[in-house]
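Only a predicted model underlies this, so the values are computations on that prediction, with no experimental measurement involved.
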Amino acid sequence: MSRITSLAVVLYLVGCHALPFAETTAFGSGGAEGTTGGPSTVSTDANTSTTTAAPTTTSGAVEMSTSDASTSGSSEPVLSSSSGGILPDFGDVAPIGCQGKVDIIFAISAEFTMEFAQPRLLAAFPEFAQALEEELSGFDLHVLVTDSSFWWSMDDCSLCQDAADCDPNGMPDLCGATIDECDFTLGAGETFSSEEPDLPAAFDCLARVGWGGASPLPFDSILAALDHPLIETGVVLNGPGGCNEGFLRDDALLLVVVIQDTYDQHSLGGPYQWAKALYAVKGGDEDAVFALVITSDAELSPSLCFPNEPPALAKNRLRLFGENYLKHGKVESICAPSYGKFFKETAAQVAALCDQFIPQ
């Protein structure tokens, strides 16, 4: 019984000139049966109110008793068990938190216009990793990198930057690369964890997705990587033997990072559907998902990308997603000279979500 309910019972007895407490209780009336002491009395005047409780009662599993004002200085009721012991106060039960576990998926555009942005991303990652390590107790990351498309963009050895890397007998004959089905699967990515001895070096290697590839499908790729595509394909990437096996964890926060200097005109659905699908990945928990979107600011004024031009009339769906549809989102300009600040601020916000996270 809550404190408010207990006080309400006392006020009711005072206001209605009730029978002695042993005869009339909050649980009904039944005479003096089950009591071993005399009745309670209540006296009031205009300025004071005191209550004297019956010594004991055995008529209920949980009962209300009040302390004598002369000994405790208070007439506030407390809960006790039928055996006479005070019920324990368990206090506030804090959520278990994410315990440092964060699954991070990077969707990096490989369009030909991304040549200027990818080096800035690579330069920012060490700051990001350090900030996460400082902010998160436990620091247990899973990182997946995808280039937002399913095309293998090279056609022949002539595209190799270094002719010495070309292996005409390779599989295929593309700079000696060996590729498999995952290289042609939308949403499949390269993964690594914070157990890597050199985390920035691992990211530097995998995040070099290049530029000159197909038009990006960032949210088609992200949702496929998380096994929640808007159109079911039957492909399970996170299961045993899948391209992304071991990446996604039920007891980790999900951080989505989109790096794209153009509008997303090709992903299926729209910002509302993208947000709902991401929430579904985490069992509907809107506080288990955070997104950092670094994209064009062409529709803003002033604009870093197009400082001398009027704002674009078309809406950037990536911006709408991060600002209007996702509960926890952050959108920044891809034309900023560096991205380190964006990632450090993201780390702090993710840490705050981690503290209140309740695993599935």
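- Side-chain atoms of Asp297 and Ser303 include a donor-acceptor pair closer than 3.5 Å.
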Open item on the list: Before you tell me yes or no, could you show the steps for Val257 and Val293 under side chain to side chain contact (heavy atoms under 4.5 Å, CB included), namely the whole-Å CA-CA distance, both residues' side-chain angles and the distance that decides it to 0.1 Å?
Closed with: CA-CA 6 Å; Val257 182; Val293 179; over 6 Å; no

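- Considering every non-hydrogen atom in both Ala252 and Lys282, the closest pair reads O-NZ, 2.7 Å.
- Residues Phe128 and Tyr339 keep their aromatic ring centres 6.0 Å or farther apart.
- Look at Asp140 and Arg249 and you find a salt bridge, because one of the NZ, NE, NH1 or NH2 atoms lies within 4.0 Å of a carboxylate O, short of that distance.
- Both Phe290 and Ile108 belong to a single network of hydrophobic side chains, linked directly or stepwise wherever heavy atoms of I, L, V, M, F, W or Y lie under 4.5 Å apart.
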Open item on the list: Evaluate Val331 against Leu318 for side chain to side chain contact (heavy atoms under 4.5 Å, CB included), listing each step before the verdict.
Closed with: CA-CA 8 Å; Val331 183; Leu318 296 176; over 6 Å; no

TODO: Apply side chain to side chain contact (heavy atoms under 4.5 Å, CB included) to Phe106 and Thr146, showing your working.
DONE: CA-CA 6 Å; Phe106 284 84; Thr146 174; over 6 Å; no

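- No side-chain donor-acceptor contact under 3.5 Å links Gln99 to the backbone of Cys354.
- Using the six-membered ring where Trp is involved, Tyr325 and Tyr272 have ring planes that are perpendicular, over 60° apart on the 30 and 60° scheme.
- Under the 3.5 Å distance criterion, with hydrogens and angles disregarded, no donor-acceptor pair is assigned to the side chains of Glu345 and Gln349.
- Residues Pro218 and Gln260 share a closest heavy-atom pair of CG-OE1, 3.3 Å.
- Within a 6.0 Å sphere centred on NZ of Lys276, heavy atoms belonging to other residues, nucleotides or ligands number 12 at most.
- In this structure Cys182 satisfies the disulfide (SG to SG under 2.5 Å) test together with Cys243, sequence neighbours excluded.
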- [ ] Begin from the C-alpha positions of Phe192 and Leu206 and carry the test side chain to side chain contact (heavy atoms under 4.5 Å, CB included) through to its verdict.
- [x] CA-CA 9 Å; Phe192 62 96; Leu206 297 180; 3.2 Å; yes

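- Between the side chains of Asp227 and Asn238, at least one donor-acceptor pair of N or O atoms lies under 3.5 Å.
- To the nearest 0.5 Å, atoms CZ (Phe343) and CD (Gln130) are separated by 14.5 Å.
- Between the side chain of Gln273 and the main chain of Gly269, no donor-acceptor pair closer than 3.5 Å is present.
- Between Asp285 and Tyr279, the closest side-chain pair of non-hydrogen atoms is not below 4.5 Å.
- The side-chain heavy atoms of Arg317 and Ser267, taken from C-beta on, include a pair separated by under 4.5 Å.
- Under a 3.5 Å cut-off, the side chain of Trp274 and the backbone N or O of Leu268 do form a donor-acceptor pair.
- Ile105 places none of its side-chain heavy atoms less than 4.5 Å from the side chain of Leu255.
- The two atoms that bring Leu353 and Val289 nearest to each other are CD1-O, 4.3 Å, heavy atoms only.
- A 4.5 Å side-chain heavy-atom check between Asp264 and Phe321 finds every atom pair outside the cut-off.
- Between the Asn244 side chain and the Leu144 main chain, no donor and acceptor come within less than 3.5 Å of each other.
- Of the candidates Leu132, Leu253, Val350, Thr346, Ile104 forms a side-chain contact (heavy atoms from CB on, under 4.5 Å) with just one, namely Leu132.
- Looking at Arg319 and Glu299, a side-chain N of the basic residue comes within less than 4.0 Å of a carboxylate O on the acidic one, giving a salt bridge.
- The closest side-chain donor-acceptor pair between Asn316 and Thr295 falls under 3.5 angstrom.
- A continuous path of Ile, Leu, Val, Met, Phe, Trp and Tyr side chains, each step under 4.5 Å between heavy atoms, connects Phe342 with Leu141, placing both in one hydrophobic cluster.
- The shortest side-chain heavy-atom distance between Leu292 and Ile259 does not fall under the 4.5 Å cut-off.
- Remark: the Glu111 side chain and the Thr262 side chain contain an N/O donor-acceptor pair separated by less than 3.5 Å.
- Follow the hydrophobic side-chain contacts under 4.5 Å out from Ile231 and you reach Leu226 in the same cluster.
- Distance check: Ser193 OG to Asp103 CG gives 10.5 Å after rounding to the nearest 0.5 Å.
- Residues that satisfy the salt bridge (charged side-chain N to carboxylate O under 4.0 Å, His left out) test with Arg120, not counting sequence neighbours, are absent from this structure.
- Among all heavy-atom pairs drawn from Ala129 and Leu199, the shortest one is CB-CD2, 3.9 Å.
- Between Phe219 and Leu230 there is no side-chain heavy-atom pair separated by less than 4.5 Å.
- Closest approach of Tyr263 and Ala298 over heavy atoms only: OH-CB, 4.0 Å.
- Glu323 contributes no side-chain N or O that, together with a main-chain N or O of Leu320, makes up a donor-acceptor pair within less than 3.5 Å.
- Rounding to the nearest 0.5 Å gives a distance of 11.0 Å between CG of Leu237 and CG of Leu248.
- In the hydrophobic cluster analysis, where Ile, Leu, Val, Met, Phe, Trp and Tyr join through side-chain heavy atoms closer than 4.5 angstrom, Leu278 is grouped apart from Val145.
- Separating the SG atom in Cys335 from the CG atom in Leu304 is a distance of 6.5 Å, to the nearest 0.5 Å.
- Hydrophobic clustering (side-chain heavy atoms under 4.5 Å, transitive across Ile, Leu, Val, Met, Phe, Trp, Tyr) groups Ile294 together with Leu122.
- Side chains of Val281 and Leu254 form a contact here, defined as non-hydrogen atoms less than 4.5 Å apart.
- Atoms CG and CG, on Leu136 and Asp355 in that order, are 8.5 Å from each other to the nearest 0.5 Å.
- Taking the six-membered ring where tryptophan is involved, the planes of Phe247 and His142 are tilted, since the angle between them lies from 30° to 60°.
- For Asp261 against Ser296, the heavy-atom pair with the smallest separation is O-CB, 3.3 Å.
- Cys305 places a side-chain heavy atom less than 4.5 Å from the side chain of Ile334.
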